[in-house]
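Lettering of chains follows the sequences in order, A, B, ..., and the numbering in each one begins at 1.
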Amino acid sequence: SQTIHQWPATLVQPVGSPLSLECTVEGTSNPNLYWYRQAAGRGLQLLFYSVGIGQISSEVPQNLSASRPQDRQFILSSKKLLLSDSGFYLCAWSVLASDTQYFGPGTRLTVL
Amino acid sequence: AQSVTQPDIHITVSEGASLELRCNYSYGATPYLFWYVQSPGQGLQLLLKYFSGDTLVQGIKGFEAEFKRSQSSFNLRKPSVHWSDAAEYFCAVGYNNAGNMLTFGGGTRLMVKP
């Protein structure tokens, strides 16, 4: 069966520090991968999605970036965090773009 | 462009009462429709989905949803709510179009009174 992992589960970082969040999927090949963010009390905001290794599409221009160095690995990064980057970050995967998305457990990021 | 509306941001029901969460979508084609649930601090869990066929779909945890094409709706229902159902619920829509990703509604936060 397929599983999706995210780490770390929680993270507290100072403003201006770098960020690296990792997402890995097991049990499937060539998945579509997604990064979402939920700010406090807000809905899901799609940040990035990837249909294959090295293929990243950005939905929202900001100081975050994403990379997909391996088929089942998706990384969210920042060189300098802002206070507004605080939130709950969710990774998801799907077989097809229009099909069911399966979500990881999320990472709670607090920028102080 | 496709869009999904969940008109109710917050809903409070008493334990044991029935529940209906509303979801409306806008687009011309027949959609793929989903309901997800998110407990605090957790990821989203799929409750049910509709692709085709019977318009009344059964899901996990006693939930069901009905696709009504004429109303562009896919409302989520449960006949008797349990305190553990308190969570945030998201409706999502997709289409059988390569590269056309799911669009999520803004969510409805359900609170359950004892």
Side-chain angles (χ1 to χ4, degrees), chain A residues 1-11 21 23-25 30-52 55-60 74 86-110, chain B residues 1-10 21-25 27 29-52 57 59-60 65 74 87-111:
Chain A
S1 63
Q2 301 87 5
T3 56
I4 178 169
H5 304 279
Q6 287 186 244
W7 63 88
T10 60
L11 191 60
L21 303 182
C23 171
T24 59
V25 181
N30 196 32
N32 288 349
L33 295 171
Y34 311 85
W35 277 113
Y36 291 89
R37 176 170 62 196
Q38 281 183 299
R42 306 287 295 275
L44 289 166
Q45 179 188 30
L46 178 64
L47 301 175
F48 301 95
Y49 68 94
S50 171
V51 299
Q55 301 178 63
I56 309 294
S57 296
S58 173
E59 291 294 302
V60 183
F74 205 24
S86 292
F88 192 54
Y89 287 81
L90 288 161
C91 181
W93 72 272
S94 70
V95 174
L96 299 173
S98 59
D99 204 338
T100 308
Q101 289 185 18
Y102 299 95
F103 287 80
T107 295
R108 171 75 57 194
L109 171 66
T110 303
Chain B
Q2 61 200 50
S3 66
V4 182
T5 301
Q6 293 180 246
D8 304 305
I9 297 175
H10 294 99
L21 302 182
R22 296 183 291 165
C23 173
N24 295 96
Y25 64 92
Y27 196 70
T30 299
Y32 297 161
L33 295 158
F34 307 81
W35 274 101
Y36 287 85
V37 60
Q38 183 183 29
S39 298
Q42 304 292 319
L44 276 69
Q45 180 184 20
L46 180 69
L47 281 175
L48 48 79
K49 61 183 178 183
Y50 170 80
F51 279 15
S52 64
V57 181
I60 62 172
F74 189 56
E88 184 137 26
Y89 292 81
F90 292 93
C91 180
V93 62
Y95 295 91
N96 187 16
N97 182 359
N100 199 344
M101 293 181 298
L102 297 191
T103 298
F104 285 85
T108 297
R109 182 165 297 280
L110 172 66
M111 290 172 281

**Student:** Quick one: what part of Gln6(B) sits under 4.5 Å from any heavy atom of chain A, side chain, backbone, both or neither?
**Tutor:** neither
**Student:** Closest heavy-atom contact between Phe88(A) and Gln42(B)?
**Tutor:**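 It is CE2-O, 3.3 Å.
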**Student:** If I take atom OH from residue Tyr34(A) and atom CG from residue Leu102(B), how far apart are they, to the nearest 0.5 angstrom?
**Tutor:** 6.5 Å
**Student:** For the residue pair Phe34(B) and Thr100(A), what are the closest heavy atoms and their distance?
**Tutor:**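 Minimum heavy-atom separation between Phe34(B) and Thr100(A): CE2-OG1, 3.3 Å.
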**Student:** Could you state the interatomic distance from OH (Tyr36(B)) to CZ (Phe103(A)), rounded to the nearest 0.5 Å?
**Tutor:**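 Tyr36(B) OH to Phe103(A) CZ: 5.5 Å, rounded to 0.5 Å.
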**Student:** For Ile4(A), is it the side chain, the backbone, both or neither that has a heavy atom under 4.5 Å from a heavy atom of chain B?
**Tutor:**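 Neither part.
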**Student:** Just do the side-chain contact (heavy atoms from CB on, under 4.5 Å) check on Asp99(A) and Lys49(B) with the steps written out, would you?
**Tutor:** CA-CA 10 Å; Asp99(A) 204 338; Lys49(B) 61 183 178 183; 4.3 Å; yes
**Student:** Measuring heavy-atom distances to chain A, does Leu46(B) have an atom under 4.5 Å in its side chain, in its backbone, in both, or in neither?
**Tutor:**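 Side chain only.
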**Student:** Might you point out which heavy atoms bring Phe90(B) and Gln38(A) nearest each other, and give the distance in Å?
**Tutor:** CZ-NE2, 3.5 Å
